[in-house]
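Remarks on the structure that follows.
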Amino acid sequence: MGTLLKRHRWIAPLALLAPGILWLLVFYVWPAFQMFIASFWSGSLETGFTFSLSNYTNYTEAIDQFSEQYLRSIVYAGTATVLTFLIAYPLAYTIAFKGGRYKNLLLFLVVAPFFTSFLLRTISWKIILGDGGPFLGLFKDLGVLPEDSRLLATPIAVISGITYNFLPFMTLPVYVALEKVDIRLVEAARDLYAGPWRPGGAIVGALLGGVLAGVLGVVFAWSWPLMAAAGALAGGLIGWLLVSESFVRVTFPLSLPGVFAGSLLTFIPAIGDYVNAEFLGNPETRMIGNVIQNKFLTQNDYPTASALSFTLMAGILVVVAIYARILGTEELSTGGRV
């Protein structure tokens, strides 16, 4: 056997890859192919389904009919991805560089929610965001908010649930990337006068904070000018007080592999999620995942459901390819450029 492996070195990597490739073929490629075939069906469970390429109209009709849900899914998933990044990066940075002997404990707290079911975690947000819950109830009792104020069954509730449920998917990859950063590089940058980033940090922070807060204001149907002003002020203060040139030139570029992986691990499942919209939203906040689930399991409309699913999968692949192209996968695989 040893002699055979020496003569044919290609056997070893192929043998190691074989189980994974077989798994993907059986549980991903074949079901995806079956779904693609089903998207060209016509008929029903009672009359049976027939395949015909002329049924390509399943795609055009599905996209035309549910374009609003598609757009809403992109907006909700994109917003949740940005929010998870804004929360996860400082958290991962603190654990990686300031955690000390408490790193393992802090990492355990990050993954602790996974010890309960996804469904249970989502339903718990109905209590948190309820009209008489610990958040709204307190502010109503203090007279800060009117009695008819509510968060449940709004886009805020849906995006909050998605952000919470997928936060570890962003935190862990970013932490791994930051943990690999050689602290000596950061110290060398500081020795070369890469200190506080002023006034550039304040300017960039104000611009980014204003844009992000303004977009969130539009998504949540709040007063976006007020949100943009508050975001610009907060971003400017963070850029002035906390951001250094060593972070901009060294730490953040070296952490891009984690940001890239975390963004994909958050955005891809979030765009197809239907649990949060089902339990925390209303009919006006339904995402494309809710439509697909309803078509498959309630209406038994397999052709339309398959067309929607395949279109969603193809769209995600295109977005991932563009995103990887923009960031540069070759640079990411080598750890980025300093």
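FYI, side chains are in, hydrogens and waters are out, and symmetry mates aren't considered; it's all heavy atoms of this structure. Index from 1, following the sequence.
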Inset, instruction - Measure the acute angle between the ring planes of Y59 and F310, then classify it against the limits of 30° and 60° as parallel, tilted or perpendicular. - result: perpendicular
Legend entry - Single-linkage hydrophobic cluster V75~W224, side-chain heavy atoms < 4.5 angstrom: no
Inset, instruction - Verify the distance criterion only: is there a donor paired with an acceptor across the side chains of S306 and S309 at less than 3.5 Å? - result: no
Legend entry - Distance, nearest 0.5 Å, that separates OG1 of T251 from CG of L256: 11.0 Å
Inset, instruction - Show your reasoning for whether side chain to side chain donor-acceptor pair (under 3.5 Å) applies to T84 and T163. - result: CA-CA 6 Å; T84 54; T163 302; over 6 Å; no
Inset, instruction - Establish, from distance only, whether the side-chain atoms of N290 and Q69 form a donor-acceptor pair under 3.5 Å. - result: no
Legend entry - Path from L167 to L216 over hydrophobic side-chain contacts below 4.5 Å: no
Inset, instruction - Look at atom NZ of K180 and say whether more than 12 heavy atoms of other residues, nucleotides or ligands are closer to it than 6.0 Å. - result: no
Legend entry - Spacing of I162 atom CD1 and F267 atom CZ [to the nearest 0.5 Å]: 10.5 Å
Inset, instruction - Look at the rings of Y93 and F247 and say which category their plane angle falls in: under 30° parallel, 30 to 60° tilted, over 60° perpendicular. - result: perpendicular
Can I get a per-line list of side-chain donor-acceptor pairs under 3.5 Å for residues 17-32, giving both atom names and the distance, sequence neighbours left out?
none

Legend entry - Audit row: M170, T81, side chain to side chain contact (heavy atoms under 4.5 Å, CB included) steps and yes/no: CA-CA 8 Å; M170 178 71 77; T81 301; 4.1 Å; yes
Inset, instruction - Drop me the distance from E245's CD to R198's CZ, to the nearest 0.5 angstrom. - result: 11.5 Å
Legend entry - CD1 on I95 to NZ on K103, rounded to 0.5 Å: 9.5 Å
Inset, instruction - Could you tell me whether R72 sits above the aromatic face of F66, with NZ or CZ closer than 6.0 angstrom to the six-membered ring centre and within 45 degrees of the axis? - result: no
Inset, instruction - Say whether N165 and T122, considering side chains only, have a donor N or O and an acceptor N or O under 3.5 Å apart. - result: yes
Legend entry - N55 side chain to N58 side chain, donor-acceptor N/O pair below 3.5 angstrom: no
Legend entry - Ring geometry between F115 and F108 (parallel below 30°, tilted from 30 to 60°, perpendicular above 60°): tilted
Inset, instruction - Could you check whether the rings of F49 and W41 sit parallel, tilted or perpendicular, using 30° and 60° as the cut-offs? - result: parallel
Inset, instruction - Quick one: pull up CG in D273 and CD in E278 and give me the separation to the nearest 0.5 Å. - result: 10.5 Å
Inset, instruction - State yes or no: are the ring centers of F114 and F118 separated by less than 6.0 Å? - result: no
Legend entry - Step-by-step side chain to side chain contact (heavy atoms under 4.5 Å, CB included) determination, F169 to T171: CA-CA 6 Å; F169 291 98; T171 305; over 6 Å; no
Inset, instruction - Establish whether L237 and M227 are linked, either directly or via other cluster members, by ILVMFWY side-chain heavy-atom contacts under 4.5 Å. - result: no
Inset, instruction - Could you tell me whether F51 atom CZ has more than 12 heavy atoms of other residues or ligands within 6.0 Å of it? - result: yes
Inset, instruction - Check the angle between the aromatic planes of F296 and Y302 and answer parallel, tilted or perpendicular using the 30° and 60° thresholds. - result: tilted
Legend entry - Least distance between heavy atoms, W125 atom then L152 atom: O-CD1, 4.5 Å
Inset, instruction - Please assess S39 against Y56 for the test side chain to side chain donor-acceptor pair (under 3.5 Å), listing each intermediate value before the final yes or no. - result: CA-CA 8 Å; S39 67; Y56 70 90; over 6 Å; no
